[in-house]
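Convention: sequence-line order gives letters A, B, ...; per-chain numbering from 1. Given the structure is predicted, the values throughout are model-derived calculations rather than measurements.
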There are 2 protein chains.
Amino acid sequence: MDLSFEDLRKELKNKNLRLSHQRLKVLEFLTNNRIHPTVDQIYRGLHKDIPTLSKTTVYNTLNALVDAGIVKPITIEDNEARYDIATQDHGHFKCEVCGNIYDFDINISAFNPSDLDDFKIKDRDVYFRGICPNCKK
Amino acid sequence: MDLSFEDLRKELKNKNLRLSHQRLKVLEFLTNNRIHPTVDQIYRGLHKDIPTLSKTTVYNTLNALVDAGIVKPITIEDNEARYDIATQDHGHFKCEVCGNIYDFDINISAFNPSDLDDFKIKDRDVYFRGICPNCKK
DNA sequence: AATTAACTTGTAATGATTACAAGATAGTAA
DNA sequence: TTACTATCTTGTAATCATTACAAGTTAATT
């Protein structure tokens, strides 16, 4: 469900969020750098283009986009949050050697454990850990 | 794979870890309080019994037990880590209203996504979020 | 009982994240 | 276009979880 620019505008409008320069740049960065970046990586990546950018703005922006459902936080055992544009279901694999996070296809919405029959499930995350092909060599 | 006291002793011995009073108490707390407690919850829970206990010790102990594979950290979107004794595979559900974390049965080791054929998978975690039966009312 | 590596503890340091207040800007409406 | 106002951005200061470190203590081995 990749969002077009117009979808995006509507989405933000609905939540009384403005389409500021900084927000567009953060979204652009997330779109072009599918590495599940940390706040610091986003900040450093954008600082070249927007020298006045503040790290607080990156935090604010990400929180706003997460609230709007446009961005998803990845919390996979680091003490530093990572961010991903919200796309269709996929799992995340973290290599314990190089630290890279890889996406993999998995049909998460098919999981409906009977233990959770009476629960309202809004979100399903699958996190794997181990060693990636590169680091196995 | 619940560990007996003797298993535990051996496990620790293997890693050159001592069976100190504080460590036993932390393990006892985790065994008796299956609420995936935070460091602070563990600290406050044990402080009554061990008034000299230091929070640093709780951190050190948990890190040692995690390294030894006896305890597993739960990182489910809070910025505060939670801990669980390592038992057989199960998923975690976090209620976004009350914040409680529930266990549920799920056969995680059955998931072998083809995308990860060349990866060495060491650990699989499943985190769901939503609203628990109590808070749905 | 002596020895020593490993442990505990308190304090200080670190690092990510948020609070806050003042100035800037996007979008609306005339 | 212009004016208006709520929202956003920014820098600094505060907060909170976690780790570093050093000095004293203890578990386990001899």
Side-chain angles (χ1 to χ4, degrees), chain A residues 5-6 8-29 36-47 49-68 70-71 73-83 99, chain B residues 5-6 8-29 36-47 49-68 70-71 73-83 99:
Chain A
F5 188 81
E6 264 320 303
L8 199 58
R9 184 184 285 280
K10 277 182 204 151
E11 196 69 46
L12 293 172
K13 189 74 175 289
N14 276 343
K15 314 256 177 180
N16 263 342
L17 292 182
R18 289 189 183 159
L19 203 55
S20 73
H21 182 58
Q22 289 85 341
R23 284 179 182 171
L24 283 174
K25 282 297 187 181
V26 167
L27 279 167
E28 186 185 298
F29 187 89
H36 317 89
T38 63
V39 168
D40 200 60
Q41 287 175 315
I42 298 169
Y43 173 71
R44 288 206 311 274
L46 294 179
H47 195 262
D49 292 334
I50 318 172
T52 63
L53 183 67
S54 153
K55 200 178 256 190
T56 300
T57 298
V58 180
Y59 276 103
N60 289 343
T61 296
L62 287 168
N63 287 339
L65 295 175
V66 168
D67 287 348
I70 296 168
V71 163
I74 312 291
T75 41
I76 186 166
E77 104 187 338
D78 278 323
N79 41 353
E80 202 175 358
R82 296 176 169 276
Y83 294 87
Chain B
F5 188 81
E6 265 317 304
L8 200 58
R9 184 183 285 279
K10 278 183 204 152
E11 197 68 48
L12 292 172
K13 189 72 177 287
N14 276 341
K15 314 255 177 184
N16 264 343
L17 293 180
R18 287 187 184 160
L19 204 56
S20 73
H21 182 57
Q22 288 87 341
R23 286 181 180 170
L24 283 173
K25 283 298 187 181
V26 167
L27 279 167
E28 186 184 299
F29 186 88
H36 316 89
T38 63
V39 168
D40 201 60
Q41 286 175 314
I42 299 170
Y43 173 73
R44 289 207 311 274
L46 294 179
H47 196 260
D49 292 334
I50 318 173
T52 62
L53 183 66
S54 154
K55 199 177 257 191
T56 299
T57 297
V58 179
Y59 276 104
N60 290 341
T61 296
L62 287 168
N63 286 339
L65 295 174
V66 168
D67 288 346
I70 296 167
V71 163
I74 312 291
T75 41
I76 187 168
E77 104 186 339
D78 279 323
N79 40 354
E80 202 175 359
R82 296 175 169 276
Y83 294 88

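If A/Val58 and B/Ala81 are placed on DNA chain D by their nearest nucleotide, the residue sitting closer to the 5' end is A/Val58. Mapping B/Asn16 and B/Tyr43 onto DNA chain C via the closest heavy atom, the residue that lands nearer the 5' end is B/Asn16.
Partners of B/Glu28 according to the salt bridge (charged side-chain N to carboxylate O under 4.0 Å, His left out) rule, which considers only residues two or more places apart in sequence or in another chain, are B/Lys25. Residues satisfying the ring pair (Phe, Tyr, Trp, His ring centres under 6.0 Å) test with A/Phe29, not counting sequence neighbours, are none. Residues forming a salt bridge (charged side-chain N to carboxylate O under 4.0 Å, His left out) with A/Arg23 (at least two apart in sequence, or on another chain): none. Under the side chain to side chain contact (heavy atoms under 4.5 Å, CB included) criterion, B/His47 pairs with B/Tyr43, sequence neighbours left out. A/Ala68 pairs by the side chain to side chain contact (heavy atoms under 4.5 Å, CB included) definition with A/Lys15, A/Leu17, A/Ile70, not counting sequence neighbours.
Straight-line distance from the CG atom of A/Leu24 to the P atom of D/dT9: 10 Å, rounded to whole Å. When rounded to the nearest whole Å, the span between NZ of B/Lys25 and P of C/dT8 equals 14 Å. One interatomic measurement links the two molecules: CG of B/Leu12 to P of D/dT26, which rounds to 20 Å at whole-angstrom precision. The nearest whole Å value for the distance from the CG atom in B/Leu53 to the P atom in D/dT25 is 17 Å. One interatomic measurement links the two molecules: CG of A/Asp67 to P of D/dT7, which rounds to 14 Å at whole-angstrom precision. In this structure, B/Leu46 places its CG atom 14 Å from C1' of C/dT8, rounding to the nearest Å. One atom, CG of B/Leu62, and another, P of C/dT9, lie 13 Å apart when rounded to the nearest Å.
OP1 or OP2 of D/dT10 sits under 4.0 Å from a side-chain N or O of A/Thr52. Of the side-chain N and O atoms in B/Gln22, none sit less than 4.0 angstrom from OP1 or OP2 of D/dT26.
No side-chain heavy atom of B/Val26 sits less than 4.5 Å from a side-chain heavy atom of B/Val71.
For residues 50-68 of chain B, the side chain to side chain donor-acceptor pair (under 3.5 Å) pairs, not counting sequence neighbours, are B/Asp40-B/Lys55.
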In B/S/- notation, 5' to 3', how is nucleotides 22-27 of chain C contacted by protein heavy atoms closer than 4.0 Å?
---BBS
At a cut-off of 3.5 Å, list every protein nitrogen or oxygen paired with a nitrogen or oxygen from nucleotides 18-21 of chain C, distance to 0.1 Å.
unit_1: C/dT18; atom_1: OP2; unit_2: A/Asn63; atom_2: ND2; d: 3.4

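Exactly one of B/Leu65, B/Val66, B/Val58, B/Thr38 qualifies for a side-chain contact (heavy atoms from CB on, under 4.5 Å) with B/Tyr83. That residue is B/Val66.
For B/Val39, taking side-chain heavy atoms from C-beta onward, the closest of the listed nucleotides C/dC7, D/dT10, D/dT18 is D/dT18.
End-to-end axis angle of the helix from C/dA1-D/dT30 to C/dA30-D/dT1, using five pairs per end and rounding to 10°, comes to 40°.
Proximity of a side-chain donor or acceptor of A/Arg82 to a complementary backbone N or O of A/Ile74 within less than 3.5 Å is not detected.
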